[in-house]
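This is a predicted model, so every value here is computed, not measured. Both backbone and side-chain heavy atoms feed into the values below; hydrogens, waters and symmetry mates do not. In what follows, every chain begins at residue 1, and chains take the letters A, B, ... in the order their sequences are listed.
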Amino acid sequence: MAYILQQLLKKSAALYPGKTAVWARGRSITYRELEEKSNRLAHLLQQHGVRKGDRVGLYFPKAVESIISMFGVLKAGGVYVPLDPQAPADRVGYILGNCGVRVLITNDEKRRGLSSETLAALELSVLTAGDTKSSNGGKVVPWSILAEFPADHEPKVTLTETDLAYILYTSGSTGRPKGVMLSHQNALTFVEWCAETFKITSDDHLSNHAPLHFDLSVFDVYNTIEAGATMFLVTEDLALFPTTLANFIESKGITVWYSVPSALILLLLHANIKRERFPSLRTVLFAGEVFPMKYLRRLAESLPGVDLYNLYGPTETNVCTYYKVEPARLESLDKLPIGIACENTEVFAVNDQDQIVTQPDESGELYVRGPAVTYGYWADAEKTAKMVVSNRFQKHFQENMYRTGDLVTLAEDGNYYFLGRRDSMIKSRGYRIELGEIESALLSHPGVKEAAAIAVPDDIVGNRIKAVVSAHDSTALKPAELQQFCAARIPKYMIPEIIEFLEDLPKTSTGKIDRVRLLETVPA
Amino acid sequence: MPTAKESTEPAIKTQIRQFIQENLAEVKGISSFRDDESLMENGVIDSLGIFRVVSFLEENFGVRVGDEEINPENLSSVDTIEKLVTAKLNK
């Protein structure tokens, strides 16, 4: 039984050395190559001072090297931090600083985009591509240097399942992203449940649609490796075009697909999705946002015989509940359940009287306990204490549970149903977005007096974002200028598509922005 | 004397560029991009943006773009989009 993630690779490399493990952008590597290259990288990292628990950033577009890097960092005892290659340099710089990254695996182009302050904190950059000539930011070495390091064994590091494996940054309400710390045990709890539930075998072809800084990719990467299967990375050029993506699913013989619903909806609307085209496809998993029933019905009709699963869970627990779509019930269901708890995970709803909900149709906030639950947020004890709390429902031993902030009901059919959020976090294209982070970016503009970000519900992407701003001098400020200002601070998917100006934003009696009245004033 | 084709070419490109600039680039805070630059790699066009471009081409130039034609070869840059439209108009 594996207790640290790299053991999954060791086992599959021994069983299937010549088999393709990962394919991306027309290149592929075998299990033996993945094992050997990650051993070499681990030695390189260790020689340059990476020790147990040290954070190593991964900052380059998805490639075969992404997967080598993940395992290389883990084998050195390190903790990898995948960064959005499309995020503004300011945000990337913040994340690197926040978790103290001194070693970065990147490429020349991405590295050149970082600020001199960010570069000054780096001791080593390993470049997957590009020129290694550099005047600042520590030592820079090319990927080819790996050849100088031993391939046949990994460096010796003592790790247990409770050590950290990776940190995933998500939107933070106070204006800065927060780093969710995930241990080997957190990841393996989920991976083992998936292996059992979806019966992944060495014959499977998994896709990887989600970006690697997004927790959906944990399934793609580790369940592929666990089973000795093959993973095909969906790069941006493929992801954006439904017909190209459908051709990819067909030509690569994808058997198991996992993505946000919006990706599937675009395929449904603009590509020719028919069972006959995808004879190998057997399982489609989706998570990250609510799948509108009208499209889910169409998906089920287009892909008869394919098992569809709705997976639910915040990054802090990975997936904690699941629902296997029952085609016979699709017509009568008006809302898709988030289902029941995964194995080795317990979930329950807690009502306003702080009691666990037992009666059907009563609602409460969903709590999660078990080995999948995060330790909390990197270098943020305050936020951690608010969300990862001691289990007050039993007093015999100390354990934590995670408050999801999601309101749910437990229905007669035994399934949980998602109702909404307790706070102002929203989802768009499956991305978690704190409206507060957008407001904070807008407010840092000197011309902005007040700002409110609003989610406008959308059938395909879940939500679009609109902002209402009051300016110190409304004639001087243009939406495009504010959007450009935001682009330097927050990811593109968080920038408001529409910005409207009001003289003053409506306030409640306590002086807070009145969101209810605001929505009445500026209808979506 | 310029032929009809030569005189319409810059106009088509200008219109495409202007639409993308005002509706897709600016809202993402991107102020400039080259005509031969990949609009996917620089993040100007996202999964929904592609369909806004297609609707614009259909409404503005009266051409029909089939789902099969919505691919990176045709829609990756201002240059390739112009080529697609010109080819359709000259049919």
(Q) If I measure from the heavy atoms of chain B, does A:Leu240 come under 4.5 Å with its side chain, its backbone, both, or neither? (A) both

Q | Which of A:Thr243, A:Val461, A:Asn272, A:Leu238 touches chain B most, by non-hydrogen pairs under 4.5 Å | A | A:Thr243

Q. Does any heavy atom of chain B fall under 4.5 Å from the side chain of A:Pro496, the backbone, both, or neither of them?
A. backbone

Q) Where on B:Asn23 is there a heavy atom nearer than 4.5 Å to chain A: the side chain, the backbone, both, or neither? A) neither

Q: Rounded to the nearest 0.5 Å, what's the gap from CZ on B:Phe51 to CG on A:Leu269? Could you check?
A: 8.0 Å

Q: Kindly give the heavy-atom pair with the smallest separation between B:Asp46 and A:Arg429, and that separation in Å.
A: OD2-NH2, 3.2 Å

Q) Are there more than 12 heavy atoms of other residues, nucleotides or ligands under 6.0 Å from atom CD of B:Gln21? A) yes

Q. Where does B:Ile70 contact chain A at under 4.5 Å (heavy atoms): side chain, backbone, both or neither?
A. both

Q | Close side-chain approach of B:Val27 to A:Ile495, heavy-atom, < 4.5 Å | A | no

Q | Value rounded to 0.5 Å, distance of NZ in B:Lys28 from CD in A:Glu497 | A | 7.0 Å

Q.
So which atom in A:Ala487 and which in B:Gly29 form the shortest heavy-atom distance, rounded to 0.1 Å?
A. CB-CA, 3.7 Å

Q.
With rounding to the nearest 0.5 angstrom, report the CG to CZ distance, B:Asp67 to A:Phe241.
A. 12.5 Å

Q) Considering only heavy atoms, which portion of A:Arg464 lies under 4.5 Å from any heavy atom of chain B: side chain, backbone, both, or neither? A) side chain

Q.
Can you tell me if B:Lys83 has over 12 outside heavy atoms packed within less than 6.0 Å of its NZ?
A. no

Q. If you round to the nearest 0.5 Å, how far is CG of B:Asn71 from CG of A:Asn247?
A. 9.0 Å

**Q.** Closest heavy-atom pair and its distance - A:Gln86, B:Glu41
**A.** NE2-O, 4.1 Å

(Q) Please report the interatomic distance CD(A:Gln484) to CD1(B:Ile30), rounded to the nearest 0.5 Å. (A) 9.5 Å

Q.
Return the NE2 to OG distance between A:His270 and B:Ser47, rounded to the nearest 0.5 Å.
A. 9.5 Å

Q) How close do A:Lys492 and B:Asn42 get, heavy atom to heavy atom, and via which atoms? A) CE-O, 3.7 Å

